Amino acid sequence: MGLVRMRSNCVAILDIRSAEMTAVVGERGVNGTFIIKSKYSCAYDGYAEGELLDVENFISSVADVVKSTLSGGSGIKSFYVGVPGEFIKLVNADKAISFHSAKKITASDCKTLIELCAPASGEEWKTIRRGTLYFVLSDKRKVIDPVGAVSDSLQGKCCFYQCKDSFIGCVMAAFKRFKEIATVNLIPTCCAEAMYLVEPERRDECAVLFDFGYISSTYSVICGNGLLYSESFSVGIGHIAFYLMTELDIPFEVASTFLSTVNLNAKEKLTSYEECIYGGTTYKFSTAKLRDIIREGLDGVCETIEECRQSFSGRNIDGKPLLVTGEGIKVVRGTAEHLAGRLVKSVEVVSPRVPYYDKPHFSSFLSLLDMALEDAE
């Protein structure tokens with residue numbers, strides 16, 4: 001990528017997905033775009049059920065992409081690391097403070113309220129980010145930013161993102177190898193995606209975002225400037241490839257190839273088939289059979305989404321469209337339509353609104369880049 005000299009308006013981020021991690025150095029461009037200075041990715045063993053599948057593999061993979069980033073230039077002193085939903089615990093709290101008489105609300109009042117809501121950090125979980133979904137004034141008005149408003153009380157719905165301490169330990173073990181990195185900042189990926197991908201008007205009314213990953217996926221209910229609910233589960237597009245592999249007794253690589261050749265919406269003849277040559281062997285199956293197995297796999301994803309919807313009781317979200325992003329949504333053509341049919345709701349694929357990177361699999365790293373730049377600014 002050539003020599004990258006870190007300027008004050010550049011940030012370095014690490015996006016940790018469930019099968020691949022990517023380190024990016026970037027800055028803001030014009031009209032909401034980004035200038036990507038360097039980008040390095042590597043596959044690794046991933047995580048499931050809230051645990052890294054191979055800790056040593058994870059630490060060495062983080063070290064590899066960070067080393068590649070540092071070798072591309074000088075001046076990188078800090079990194080922003082995205083924490084996957086599997087290692088995040090969401091804590092919501094609702095508090096109110098009263099004043100002797102009506103007064104102009106200050107930023108200090110907001111800070112006091114947030115501190116009142118703060119949960120204790122224990123041995124297993126550490127708070128890495130906090131935010132306020134919305135504030136309520138004494139006249140019952142809900143506002144995102146109350147500073148300057150006149151009220152004799154201030155109520156706030158606050159949101160705290162806690163990270164699993166064992167995950168922080170693994171991240172720090174990797175960064176410890178680089179003396180030039182002075183600070184490592186942790187960002188909850190689910191929060192970054194919610195704030196970047198979903199417009200404020202949609203968030204004010206509540207929105208539902210589903211990040212369809214490779215091994216792990218995350219379902220979040222967004223409200224205002226934070227999350228009301230977030231649940232990660234170890235089901236992704238990789239599991240559907242695995243299901244195809246076991247059902248047809250074929251290599252995983254062949255199953256993955258078939259995923260990208262099948263179109264769930266197509267109306268082929270019953271005699272049509274798909275073919276794949278791998279390792280000198282030809283694998284050939286009827287398109288209808290492949291389609292049926294893939295649909296079964298996606299039905300399992302739908303069941304988990306439905307379980308998440310039922311376990312969230314905070315607001316009525318039944319009429320809300322399901323906003324879907326992540327690397328899993330575009331692998332099999334017709335996935336969004338299948339989810340819509342099974343869930344009986346509108347499904348919209350969301351992705352960054354920037355040229356070249358306007359694909360769902362770029363959502364997490366650009367969301368993290370946007371939040372890191374905002375924090376740095």
Side-chain angles (χ1 to χ4, degrees), residues 13-22 46-50 52 80-93 119 125-133 157-164 167-168 171 185-200 202-203 206-236 301 304-305 307-309 311-312 314-315 317 320 322-329 348-352 360-372 374-375:
I13 65 109
L14 177 63
D15 179 25
I16 300 167
R17 301 295 292 175
S18 53
E20 184 181 69
M21 57 179 73
T22 302
Y47 48 80
E49 310 298 339
L52 293 166
Y80 291 84
V81 178
V83 180
E86 294 255 4
F87 305 99
I88 290 288
K89 182 171 75 171
L90 194 66
V91 181
N92 285 125
W125 299 91
K126 296 279 189 297
T127 299
I128 59 166
R129 195 172 191 89
R130 58 190 65 198
T132 315
L133 279 71
K157 180 86 169 176
C158 298
C159 180
F160 299 86
Y161 305 88
Q162 295 194 314
C163 179
K164 209 171 190 178
F167 181 80
I168 298 174
V171 169
N185 307 285
L186 300 172
I187 294 177
T189 303
C190 52
C191 172
E193 286 189 332
M195 296 304 107
Y196 178 64
L197 296 172
V198 186
E199 303 90 341
R202 263 191 151 158
R203 299 202 305 262
C206 255
V208 183
L209 180 66
F210 177 58
D211 182 341
F212 189 8
Y214 191 78
I215 300 175
S216 174
S217 302
T218 301
Y219 177 99
S220 303
V221 180
I222 310 158
C223 182
N225 280 338
L227 302 184
L228 277 171
Y229 175 91
S230 189
E231 190 68 46
S232 289
F233 46 90
S234 300
V235 176
V301 175
T304 314
I305 291 172
E307 282 170 21
C308 289
R309 187 193 66 79
S311 65
F312 171 71
R315 295 275 186 94
I317 54 170
K320 303 290 178 189
L322 182 71
L323 309 176
V324 188
T325 198
E327 60 268 47
I329 189 62
E348 293 176 36
V349 178
V350 292
S351 54
H361 60 276
F362 291 129
S363 289
S364 56
F365 98 72
L366 282 186
S367 297
L368 291 167
L369 187 58
D370 182 70
M371 187 165 271
E374 214 164 82
D375 284 6

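Predicted, not measured: the structure shown is a model, and the values here were computed from it.
- For the atom pair CD of Glu374 and CG of Asp370, the computed distance is 5.5 Å after rounding to the nearest 0.5 Å.
- For Arg203, there are no salt bridge (charged side-chain N to carboxylate O under 4.0 Å, His left out) partners at least two apart in sequence or on another chain.
- Distance check: Thr218 OG1 to Phe210 CZ gives 8.0 Å after rounding to the nearest 0.5 Å.
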Show me the donor-acceptor pairs within less than 3.5 Å that the side chains of residues 362-369 make with the rest of the protein, sequence neighbours left out.
{"from": "Ser363", "atom 1": "OG", "to": "Thr325", "atom 2": "OG1", "distance (Å)": "2.5"}
{"from": "Ser363", "atom 1": "OG", "to": "Pro360", "atom 2": "O", "distance (Å)": "3.1"}
{"from": "Ser364", "atom 1": "OG", "to": "Asp15", "atom 2": "OD1", "distance (Å)": "3.3"}
{"from": "Ser364", "atom 1": "OG", "to": "Asp15", "atom 2": "OD2", "distance (Å)": "2.6"}
{"from": "Ser367", "atom 1": "OG", "to": "Ser363", "atom 2": "O", "distance (Å)": "2.7"}

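- A distance-only check finds a donor-acceptor pair linking the side chain of Asn92 to the backbone of Leu227 [under 3.5 Å].
- The side chain to side chain donor-acceptor pair (under 3.5 Å) search around Ser18 returns none, not counting sequence neighbours.
- Within the 4.5 Å cutoff, no side-chain heavy atoms of Ser220 are placed close to those of Val208.
- Contact record, Val301 with Val235: CG2-CG1, 3.6 Å, taken as the closest heavy-atom pair.
- Using a 4.5 Å cut-off on side-chain heavy atoms (C-beta onward), Cys191 and Met371 make contact.
- The shortest heavy-atom contact between Ile329 and Gly326 is CG2-O, 3.3 Å.
- In plain terms, the two heavy atoms of Glu86 and Ser234 that are nearest each other are OE2-OG, 2.9 Å.
- In terms of the ring-ring contact (aromatic ring centres under 6.0 Å, His included) criterion, Tyr214 has no residue partners (sequence neighbours excluded).
- Under the 4.5 Å side-chain criterion, counting only non-hydrogen atoms from C-beta, Tyr47 is in contact with Ile16.
- Using a 4.5 Å heavy-atom threshold, the side chains of Asp375 and Asn185 count as separate.
- A search for side chain to side chain donor-acceptor pair (under 3.5 Å) contacts involving Lys164 returns Glu51, not counting sequence neighbours.
- Partners of Tyr80 under the ring-ring contact (aromatic ring centres under 6.0 Å, His included) rule, at least two apart in sequence or in another chain, do not exist in this structure.
- Remark: Phe167 engages Phe58, Phe87 in a ring-ring contact (aromatic ring centres under 6.0 Å, His included) (not counting sequence neighbours).
- The shortest non-hydrogen separation linking Ile128 to Cys163 is CG2-CB, 3.7 Å.
- Sorted by first then second residue, the salt bridge (charged side-chain N to carboxylate O under 4.0 Å, His left out) pairs that include residues 206-226, not counting sequence neighbours, are Arg17-Asp211.
- Under the side chain to side chain donor-acceptor pair (under 3.5 Å) criterion, Thr127 pairs with Gln162, not counting sequence neighbours.
- Within the structure, salt bridge (charged side-chain N to carboxylate O under 4.0 Å, His left out) pairs that include any residue of residues 222-231 do not occur (at least two apart or interchain).
- Every residue was checked against the side chain to side chain donor-acceptor pair (under 3.5 Å) condition with Thr189, not counting sequence neighbours, and none meets it.
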Exercise. Should Phe233 and Cys308 be marked as a side-chain contact (heavy atoms from CB on, under 4.5 Å) after you check the CA-CA gap, both sets of side-chain angles, and the distance that decides it?
Worked result: CA-CA 10 Å; Phe233 46 90; Cys308 289; 3.9 Å; yes

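- Summarising the geometry of Leu133 relative to Cys158, their closest heavy-atom pair is CD1-C, 4.1 Å, with the distance given to 0.1 Å.
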For this session: Given side chain to side chain donor-acceptor pair (under 3.5 Å), test Ser311 with Tyr229 step by step and report yes or no.
Result: CA-CA 10 Å; Ser311 65; Tyr229 175 91; 2.7 Å; yes

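- Taking the side chain as every heavy atom from C-beta outward, Pro119 and Trp125 never approach each other to under 4.5 Å.
- Taken from CG in Leu322 to CZ in Phe212, the straight-line distance is 11.0 Å, to the nearest 0.5 Å.
- Residues Leu228 and Leu90 come closest through the heavy atom pair C-CD2, 3.7 Å.
- Distance check: Leu197 CG to Leu209 CG gives 6.0 Å after rounding to the nearest 0.5 Å.
- Taking the ring-ring contact (aromatic ring centres under 6.0 Å, His included) definition, one finds that Phe160 meets it with nothing, sequence neighbours left out.
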For this session: Starting from the C-alpha separation in whole Å, work towards a yes-or-no answer on side-chain contact (heavy atoms from CB on, under 4.5 Å) for Leu186 and Lys126.
Result: CA-CA 11 Å; Leu186 300 172; Lys126 296 279 189 297; over 6 Å; no

